[in-house]
2 protein chains.
Amino acid sequence: MEHRIDRIKKQLHAQSYKLTPQREATVRVLLEREEDHLSAEDVYLLVKEKSPEIGLATVYRTLELLSELKIVDKINFGDGVSRYDLRKEGAEHFHHHLVCIECGSVEEIIDDLLEDVERIVEKDWGFRVKDHRLTFHGVCKQCQDVAVKTK
Amino acid sequence: MEHRIDRIKKQLHAQSYKLTPQREATVRVLLEREEDHLSAEDVYLLVKEKSPEIGLATVYRTLELLSELKIVDKINFGDGVSRYDLRKEGAEHFHHHLVCIECGSVEEIIDDLLEDVERIVEKDWGFRVKDHRLTFHGVCKQCQDVAVKTK
DNA sequence: TGTTTTATTGATAAGAATTATTATATTATA
DNA sequence: TATAATATAATAATTCTTATCAATAAAACA
Ligand SMILES: [Zn+2]
Ligand SMILES: [Zn+2]
Ligand SMILES: [Zn+2]
Ligand SMILES: [Zn+2]
């Protein structure tokens, strides 16, 4: 945890930004809830628990800043709110998501899986790939099991 | 064009919806601008040119309906607005997009490309894939060429 | 055909998410 | 320490989307 905070602090300093207490509180929430996919509002409420004086706009600004620095990725699962997802340590690319259309759960896939596809895109479309967003919509394991049982 | 309107009409009828003049006008705009990725507002303004009496809410309602029937797919490129994209005729899955971070252009990839990846996801994660969203962010051919020339 | 339902629409109000503004506070610099 | 540059909290404003509702049009019925 502290190690990752330090790294992020350095990334900010490298662009001459400071890790203010508000920014640190925000980053800590993101680290503590790394598996989740929190909206700005979610982050705000969680930060508020420990730093009640923080303002919503500061959270938005911080998330925006972290996005620009590629410390977090902003995603949208189609429900009208942006969600913020920490990059995995040392990850070159953004990870993938499995969104269940039954229960709404979101699983993560860290494996790249797209090397071949990106090679094709670069070769056949002449497009230089810098990043990607891949989300599968379908039915998760648990919901499939429930469906079998209740048949 | 008329052929595709007919097909869509049948798809609506199959769910006991009617192809009202307003809905038809909306669908025509989507067909005419199939290469583009229009927001609800964009569609509204284009429909208004030919059917000035249409209301914005009707356009939203129509796009929502077409989404439910999988006639259009709703996508979000991270700029805060939803965009609506007609499914290609007979396409099983949604197509992919190449978004240029330099000029903002959006190219489409109709080829599936994800068969292998989906097989892995189904096998290793036990997730039954129903649909996907895949967007690559990077530099398009034109912008690469410009970069070379201006060097 | 005339009457009753039902579905759809347009106008607009309401809601939710995000961004802009501004006065204040904090930090860095000379 | 005085001065300038950054960052913040509170909140107003904006943007996008959805909900409401009366009016209209279409369909079902008698
Ligand atoms: Zn599920
Ligand atoms: Zn994630
Ligand atoms: Zn480009
Ligand atoms: Zn498209």
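On a predicted model such as this, the values are computed, not experimentally measured, just so you know.
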Carboxylate-amine/guanidinium proximity below 4.0 Å for A:E92 and A:R87 = no
Pull out every residue in residues 67-87 of chain B that has a heavy atom closer than 4.0 Å to any atom of DNA chain D, ordered by number, or say none.
-> B:G80, B:V81, B:S82
Give none if C:dT12 has no partner; otherwise give the nucleotide forming a Watson-Crick or G-U wobble pair with it, both distances under 3.5 Å.
-> D:dA19
Cluster overlap A:V121 with A:F94, hydrophobic side-chain contacts below 4.5 Å | no
Measure the spacing between CG of B:L66 and CG of B:D73 and express it to the nearest 0.5 Å.
-> 11.0 Å
Ionic contact status for B:R119 with B:E115, cut-off 4.0 Å | no
Whole-Å gap separating C1' (C:dT5) and NZ (B:K18) | 11 Å
Near DNA chain C, which residues from residues 19-48 of chain B have a heavy atom under 4.0 Å away?
-> B:T20, B:Q22, B:R23
Send over the distance from B:E53 CD to C:dT12 C1', rounded to a whole Å.
-> 18 Å
Hphob cluster co-occupancy, A:F77 + A:L63, side-chain heavy atoms under 4.5 angstrom | no
Atom-pair distance (NE2 on B:H13; C1' on C:dT8), nearest Å = 14 Å
Under the 3.5 angstrom rule, does the side chain of B:R133 hit a backbone N or O of A:L134 as a donor-acceptor pair?
-> no
Hey, does B:H37 have a side-chain heavy atom less than 4.5 Å from the side chain of B:E108?
-> yes
Check: B:G126 main-chain N/O paired with A:Q144 side-chain donor or acceptor under 3.5 Å = yes
In one Ile/Leu/Val/Met/Phe/Trp/Tyr side-chain cluster, 4.5 Å: A:L45, A:V81 | no
Please give, in whole Å, the distance from D:dA7 P to A:Q15 CD?
-> 13 Å
Do any of residues 55-65 of chain B sit with a heavy atom less than 4.0 Å from DNA chain D, and if so which?
-> B:A57, B:Y60, B:R61
Rounded distance (Å) that lies between atom P of C:dT9 and atom OH of B:Y17 | 12 Å
Exercise: identify the closest heavy-atom pair between B:V129 and B:E122 = N-OE2, 2.9 Å
Any chance NZ of B:K130 has more than 12 other-residue heavy atoms, nucleotides or ligands included, within less than 6.0 Å?
-> no
